[in-house]
Amino acid sequence: MNVYALVHGRILDALKTLQAEGALPAGLDLSSIEVVPPRDPAHGDLACNAALVLAKRANMKPRAIAELAAGKLRADPDLAKLDVAGAGFLNLTFRPAFWQRIVSAILQERGAYARADIGRCEKVDVEYVSANPAGPMHVGHGRGAVFGDALANLLAFVGYEVTREYYVNDAGAQVDALARSAFLRYREALGEEIGEIPAGLYPGDYLRPVGRALAREHGPTLLNLPEERRLPLLRETAVAAMLAIIKEDLAALNIKHDVIFSERSLTEGEDEVAETIAELRRKGLVFQGRLAKPKGHDDADWEDREQTLFRSTAFGDDVDRPLMKSDGSYTYFAADMAYHRNKLSRGFRHLINVFGADHAGYLTRVKAAVAALSDGKADLDIKVCQLVRLFRAGEPVRMSKRAGTFVTLRDVVDEVGRDPVRFMMLYRKNDAPLDFDLAKVVEQSKDNPVFYVQYAHARAKSVFRNVRDVFPQMCEEAAEVAGADLSPLQEPGEIELMKALAAFPHLVEGAARAHEPHRLAFYLYDLASAFHTQWTKGNESPHLRFIQAHDGKLTAARLALVRANAQVLAAGLAIIGVHAPEEMR
RNA sequence: GGUCCCGUAGCUCAGCUGGACUAGAGCAUCUGCCUUCUAAGCAGAGGGUCGCAGGUUCGAAUCCUGCCGGGAUCGCCA
């Protein structure tokens, strides 16, 4: 049950009645009428802008429309108060019984509460992480990983058929560098003194096990192989090993993709990149041309030459993009176009890519590619996650690959745990930079939002542990609780809590439409706050405690509220992938 | 130089994609609340010309334009 949708419907009905009676013009566009909680509580529980939106379309004064609508709505028995305020806002205040029914609905619907069907089972592909298989993931990757995973959860929750996808860049020069680095480690494992790892190769220790494995399996035979025969084998071994590390890193965050898509597979067998270029050529979007030398940074290697270009400027890009390198191989972008064409061929019309900040400049051309390849029939949303800066108790964590002080994602997860990492990565809008403090996120205090939210859930659960001594029959699953008469819930703090619970479906829907899972984290913080507030009031005023030993009816009603609260906290935490603990001691 | 992102209280950030004369949280500062359903919490106070200047609108932190400041990126890396 979604209160906002419910009230929205009632207001639309009132407006339609007015139209039928001739008080309002027929054929009015009733879209963009919104029901929202007003910022100022003095403006009631919910406010509606219908009169302001319709004024111009109906050629009437907003207040006149508002008064007409109010006349119809006043008969609503759920309303305690209905004001026409300001320029023509409808301010609605509801009776407690209205909010109490929401609590009943939450308990009945259980895990289905706030689920929606805005996805209508349509397929959506969420591509996230897509880190190069060149080593362990860093913290920045982790942000994209958590963001993408939570977004995928959220979209699944509102009725999309979600595919979680990882694009492995297992082609190109970087992979060759990885293979050569692994070869050095192989020689090292055979007892050779390899000295310093040359610049351009990967110096990390994580390649040592790869070298040892190669030595175990092949002995010295690889040494005498010509490089063109050795390299493919090294590539495959090294990429597989790196991918295994990355998958473990992701598993530590409870992240698992449905599809791991290999860039190399695009050109093995059928050359999908060539097919893609051919298709775009048929559409007149590929041509031979020259590019201007980029300004603003020195590029000594620049050579002016004719090359194969994709006409991305036809789709709002500021320059056309090359498809072939000077050595005749495909550019990364050409392969990526083929990859997106592949997604389209698998039936996806909704695509979402999660990028790191360093790919921000790449965004327009990918959108251009998808527009060109789908003839504008698919939508692509690209979410850019900004950088993560690591801190420890307020001090920046200095990192250097060379000095071996590089902190990986896995280091962080191992140190502070999965839940704090997941929560904090979402406790900031994706396009804002994020400061992650290793000390703060494990702190058990109200200054740590992860703890604060989890603690609210644990507290709710503790109420049910405590009630056993007084009303043994009122366990969490008991019919006495689920079916309790909720009319005793009249306290202002209780009403506030009920309103906060009622806001959840609207919040979920908005977050899903905007592709902004961070809203969940902020909502959960607010809900936890409403609960802690009511809890502490019980310390000062014993009659506000949830458990009232001499009043079973009141206790049952309050327990129903506590249970609904725990249920919504758990549901929200589940979407962002954070554990909802039973207790925290 | 081009493009993209950001610029809201001393600090860190929300602001539901245009709404109400007093723009919200948290931290920090100051003042209160433990014979306790876990005070691992709660209540209150002070603090902001929403970077600047225009424009659109009944109405702008939110949309448009131009500046200023910070970051990312700019064929042959991925």
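Everything quoted here is computed from the prediction, not taken from an experiment. Naming: A, B, ... by sequence-line order, numbering from 1 per chain.
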Query raised in the report: Are Phe531(A) and His457(A) close enough that their ring centres sit under 6.0 Å apart?
Result: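 Judged by ring-centre distance (under 6.0 Å), Phe531(A) and His457(A) do not meet the cut-off.
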**Report entry** Side-chain (Thr267(A)) to main-chain (Arg264(A)) donor-acceptor, under 3.5 angstrom
**Finding:**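 Pair found, side chain donor or acceptor close to backbone of Arg264(A).
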Query raised in the report: Distance-only, no hydrogens or angles: does the Ser262(A) side chain make a donor-acceptor pair with backbone N or O of Val168(A) under 3.5 Å?
Result: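 Pair absent, no side-chain N/O of Ser262(A) close to backbone of Val168(A).
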Report task. Quick one: stems involving RNA chain B, counted as three or more successive Watson-Crick or G-U pairs, both distances short of 3.5 Å. Result ->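 Consecutive-pair runs (3 or more) involving RNA chain B: B:1-7 with B:68-74, B:10-13 with B:24-27, B:29-33 with B:41-45, B:51-55 with B:63-67.
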Requested in this report: Could you tell me whether the phosphate oxygens of A39(B), OP1 or OP2, come under 4.0 Å of any side-chain nitrogen or oxygen in Asn539(A)?
Outcome: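 Result: yes.
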Report task. Considering just the side-chain nitrogens and oxygens of Thr331(A), establish if one lies under 4.0 Å of OP1 or OP2 belonging to C76(B). Result ->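 Result: no.
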Polar atom pairs between nucleotides 6-13 of chain B and protein, under 3.5 Å, N or O only, would you list them?
from, atom 1, to, atom 2, distance (Å)
U12(B), O2', Arg428(A), NH1, 2.9
C13(B), O5', Arg428(A), NH1, 3.1
C13(B), O2', Arg428(A), NH2, 3.3

Query raised in the report: When syn is taken as a glycosidic angle within 90 degrees of 0, is C34(B) syn or anti?
Result: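 Chi for C34(B) falls in the syn range.
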Query raised in the report: Looking at residues at least two apart in the chain, or sitting in another chain, which of them share a side chain to side chain contact (heavy atoms under 4.5 Å, CB included) with Leu387(A)?
Result: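 Side chain to side chain contact (heavy atoms under 4.5 Å, CB included) check on Leu387(A) returns Ala357(A).
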List, with names and distances, any nitrogen or oxygen atoms from the protein found under 3.5 Å away from nitrogen or oxygen atoms belonging to nucleotides 65-73 of chain B.
from, atom 1, to, atom 2, distance (Å)
A72(B), O2', Ala357(A), O, 2.7

Query raised in the report: Which whole number of Å gives the distance between the P atom of U36(B) and that of C27(B)?
Result: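 Straight-line distance between the two P atoms is 26 Å.
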Requested in this report: Between U56(B) and U49(B), how far apart are the C1' atoms? Round to whole Å, please.
Outcome: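 Comparing C1' positions in U49(B) and U56(B) gives a spacing of 22 Å.
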**Report entry** By side chain to side chain donor-acceptor pair (under 3.5 Å) - contacts of His350(A) (at least two apart)
**Finding:**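 With sequence neighbours excluded, His350(A) shows a side chain to side chain donor-acceptor pair (under 3.5 Å) to Glu122(A), Asp379(A), given in chain and number order.
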Query raised in the report: With sequence neighbours left out, what residues match Ser312(A) under side chain to side chain donor-acceptor pair (under 3.5 Å)?
Result: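 Applying side chain to side chain donor-acceptor pair (under 3.5 Å) to Ser312(A) gives Asp317(A).
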Query raised in the report: Regarding Arg365(A) and the six-membered ring of Phe310(A), is the cationic atom NZ or CZ under 6.0 Å from the ring centre and inside 45° of its axis?
Result: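 Verdict for Phe310(A): no cation-pi partner in Arg365(A).
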**Report entry** Gap separating the NZ atom of Lys383(A) from the NZ atom of Lys429(A), nearest 0.5 angstrom
**Finding:**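 The distance works out to 10.0 Å.
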Report task. Could you check whether Phe89(A) and the base of A20(B) form a stacked pair, meaning centres closer than 5.5 Å and planes differing by less than 30°? Result ->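 The ring of Phe89(A) is stacked on A20(B).
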